[in-house]
Amino acid sequence: MEKFDRLTARACPLPQPNINTDAILPARFLKWPREKGLGSVLFQDLRVGADGKEDPAFPLNQPMWHGAKVLVAGRNFGGGSSREAAVYAVYDYGFRCVIAPSFGDIFAQNAVKNGLLTAAVSDADASEIAAAVTADPARDVTVDLAQQTISCGNRVYGFAIDPVSKNQLLNGWDDVDLTESYRQQIEDYRKVDLQARPWAPIGRR
Amino acid sequence: MMMHAMRQSPSTLFDKLWSTHEITRREDGAALLFVDRHFVHEGSFHGFSQMKGRGRKVAEPSLTFGVADHYVPTHDRDKPIANPEIAEMVRKLEQNTADNGVTLFGLRDPRQGIVHVVGPEQGLTLPGLLIVCGDSHTSTHGAFGTYAFGIGASEVAHVLMTQTLWQKKPKRMRITVDGRTTAGIAAKDIALSIIAGIHADGAQGHAIEYAGSAIRALSMEGRLTLCNLSIEAGGRCGMVAPDATTFAYLKGRPYAPQGALFERAVEDWSRLCSDTDAEFDREVTLDAAAIVPVVTWGTTPDDALPIDGLVPDPSREADEARASYIRDALDYMAIRPGMRLTDIAIDRVFIGSCTNARIEDLRAAAAVLAGRTSKVPGLVSPGSSLVKQQAEQEGLDRIFTDAGLEWAESGCSMCVGINGDLVPEGERCASTTNRNFKGRQGRGARTHLMSPAMVAAAAVSGHLADVRPLLAGRKV
């Protein structure tokens, strides 16, 4: 997994609340293998109308936000399903950080596993950052994970992230390797647990 | 040096489940938890790919179960799957489970069904277990006093390889519903009323425990519906402390412990409840007697209102962001501000999904439909093939088909639409499912969520309708 420490990049505003995982990646694309890349269908039904034409008003369709690596979203971004492919779509498109007042729990957990930072700010700060980058799209923002700050123009905003996710992003930890180092503890746990919960393993069919 | 015996501090049901599964805890607070059951489905292929990419196999095949549900056809099961992409999804699950010695409730298995219906039905879901699945509605299994939650593909891969998972401990929320619900009120009405009250992100970061006399009075089917919808309030998981209802449901289930081991289990399970003085990070209470049948009008599940209500008017909304959301939702749903919810005409109905397709749900819908005709087409997809069989034994299938609805095979079907069962663009569907998101049941599809009885009421009325008058003189 790619580490995340500091990022300076263009930020695209998408301030609607409740952009759920179906909006991020409609279910019909869930069959796509990861190798295919899911960036091309990110927000597909928001970006492209039923007539197959791109909606020129949708921020991602506007040339000034091409190449943005930060997304500034509304409350409850990524609520809904557990589809990790929603994170793949955001990441494959090129985003490395989503700023929003709150995130769906599973989305946020999936994001960390893929090196995508979910930075939680207050409603007011999210609106202010969205307004600033809307007013001046060429303005870069700087996201510093160690400091937990977002610099935008002459303003610096703090953001929240739980220490577990922060650690993982900063270190680019591989969960599986880490877990393997606890193999003995897992074995010990299972011995004790079998005594405590003899009914927990699978019974007869 | 032992000063004096410390009284163990009172703990919640969730605390007990958490500590039972904790193998170790890191300094940053993340704990490594043991996973008792792992369910995989067609959509789990990303997790299997990650595992294979590391040259690994499933660590604990006996604790891993495959269920074909998300992509399976609900028609013509005797023929090969017509759509090659869908056929490939089902085939991949068969291959991945076979390669790893994992039991599969596959397309043609008589026990096949929706994973969150099959787990409880087979006795794989037990109180005190930790269950994960790459599906957000895994919260369903919490109905048994189980710590159950949805995970993404990377976590699926981790569980496949290690049978463990790193987690940070959620906060604890208790939702207490006391009193008696009135006639015609289902678990779905309780759940949607809760979600409308606390909002779609109201339980984010929390493990929910449902408590109170109205919850105790629910059957296992009702508790499963309630816990299923925890994720629609943003909750990490939802749970109900196990009791006599739980134990009676589990006794004799194929994979449940048997004989003396079952008795021992019941003894242990009886202790799975929150201590009297246990503290929660957040408490919410609801009066059961005040709950009425509800329907959703908008594009998130918290857009739920009593059926006798009016569609919200954005011009009466003080908060501009909220007004803008309402305008957008009404535009998508093609309904007018201030119109009566009962004036919303529907094009079709769907009865199905992990939320509301258990035998009790089918009985509730059939009780309304019996001797009546649906004014719109509709699809009924039972929660599992065994539920289908039981419903047919009870003659429910005839009630649905006599009313003009289609009786299909079991799967996720029109709830997520990826097996090809879609609501056509622009059509409006009264649905027993869990998400009314834009495009959820198909591109441009308009979804109104409600209980199975309310869907049946909408079917016979041709518009959203209060089920209560339709129940007069009927045995329900």
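Protein chains get the first letters and strands the later ones, always in sequence-line order, with residue 1 at the start of each. Computed from heavy atoms alone, side chains included, the values below leave out hydrogens, waters and symmetry copies.
- Interface remark: of the candidates B/Met89, B/Gln163, B/Glu27, B/Met89 forms the most heavy-atom pairs closer than 4.5 Å to chain A.
- By the 30° and 60° cut-offs, the orientation of the rings of A/Phe103 relative to A/Phe107 is parallel.
- Remark: A/Arg190 is not positioned above the aromatic ring of B/Phe34, lacking an NZ or CZ atom under 6.0 angstrom from the ring centre and at most 45 degrees off the axis.
- Considering only heavy-atom pairs separated by less than 4.5 Å from chain A, the leading option among B/Arg435, B/Met161, B/Glu88 is B/Arg435.
- Heavy atoms closer than 4.5 Å to chain A are found in both the backbone and the side chain of B/Leu129.
- For the set B/Glu42, B/Glu85, B/Gln122, B/His70, the entry with the most heavy-atom pairs within less than 4.5 Å of chain A is B/Glu85.
- Residue with the most contacts toward chain A among B/Asp328, B/Leu126, B/Asp268: B/Asp268 (heavy-atom pairs, distance under 4.5 Å).
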Donor-acceptor pairs under 3.5 angstrom involving side-chain atoms of residues 124-135 of chain A: please list them, not counting sequence neighbours.
unit_1   : atom_1 : unit_2   : atom_2 : d
A/Ser127 : OG     : A/Asp123 : O      : 3.0
A/Glu128 : OE2    : A/Arg155 : NH1    : 2.5
A/Glu128 : OE2    : A/Tyr157 : OH     : 2.8
A/Thr134 : OG1    : A/Ala130 : O      : 2.5

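- When the candidates B/Arg54, B/Glu60, B/His199 are compared by the number of heavy-atom contacts under 4.5 Å with chain A, B/Arg54 comes out ahead.
- Only the side chain of B/Thr24 has a heavy atom closer than 4.5 Å to any heavy atom of chain A.
- Aromatic ring centres of B/Trp166 and A/Tyr182: separated by under 6.0 Å.
- The most heavy-atom pairs under 4.5 Å with chain B, out of A/Asp162, A/Leu46, A/Val176, come from A/Val176.
- For A/Trp173, the part lying under 4.5 angstrom from a heavy atom of chain B is the side chain only.
- Contact of A/Glu180 with chain B is made through the side chain alone, with heavy-atom distances under 4.5 Å.
- For B/Phe45, the part sitting under 4.5 Å from any heavy atom of chain A is the side chain, from C-beta outward, and nothing else.
- Contacts between B/His137 and chain A at a heavy-atom distance below 4.5 Å are absent for every atom of the residue.
- With a 4.5 Å cut-off on non-hydrogen atoms, B/Thr20 touches chain A through its backbone and its side chain both.
- Residues of residues 112-121 of chain A having a heavy atom under 4.5 Å from any heavy atom of chain B, listed by number: A/Lys113, A/Asn114.
- Between B/Phe65 and B/Phe105, the ring planes lie parallel to each other; the angle is under 30°, not in the 30° to 60° tilted range.
- Comparing A/Pro198, A/Ala27, A/Ala50 by how many heavy-atom pairs each has under 4.5 Å with chain B, the most go to A/Pro198.
- Within residues 74-81 of chain A, the residues having any heavy atom less than 4.5 Å from a heavy atom of chain B are, in residue-number order, A/Arg75, A/Asn76, A/Gly80, A/Ser81.
- Within the 4.5 angstrom heavy-atom criterion, atoms from both the backbone and the side chain of B/Ile23 approach chain A.
- With a threshold of 4.5 angstrom between heavy atoms, B/Phe262 does not approach chain A through any atom at all.
- When heavy atoms are compared at a cutoff of 4.5 Å, B/Glu425 approaches chain A solely by way of its side chain, counted from C-beta outward.
- The most heavy-atom pairs under 4.5 Å with chain B, out of A/Asp45, A/Leu30, A/Leu178, A/Asn18, come from A/Asp45.
- Interface remark: B/Arg236 contributes backbone and side-chain atoms alike to the contact with chain A (heavy atom separation under 4.5 Å).
- Annotation: ring pair (Phe, Tyr, Trp, His ring centres under 6.0 Å) contacts of B/His46 (sequence neighbours excluded): A/Tyr88.
- In terms of heavy-atom pairs under 4.5 angstrom with chain A, the leader among B/Leu124, B/Ile86, B/Val156, B/Ile151 is B/Ile151.
- Neither the backbone nor the side chain of B/Glu267 comes within contact range of chain A, judged by heavy atoms closer than 4.5 Å.
- Looking at B/Pro127, only its backbone comes within 4.5 Å of chain A, counting heavy atoms on both sides.
- A/Thr149 and A/Asp144 are not linked by any side-chain donor-acceptor pair at a separation below 3.5 angstrom, with hydrogens and angles left out of the test.
- Side chain to side chain, B/Gln167 and B/Glu22 fail the donor-acceptor criterion of an N or O pair below 3.5 Å.
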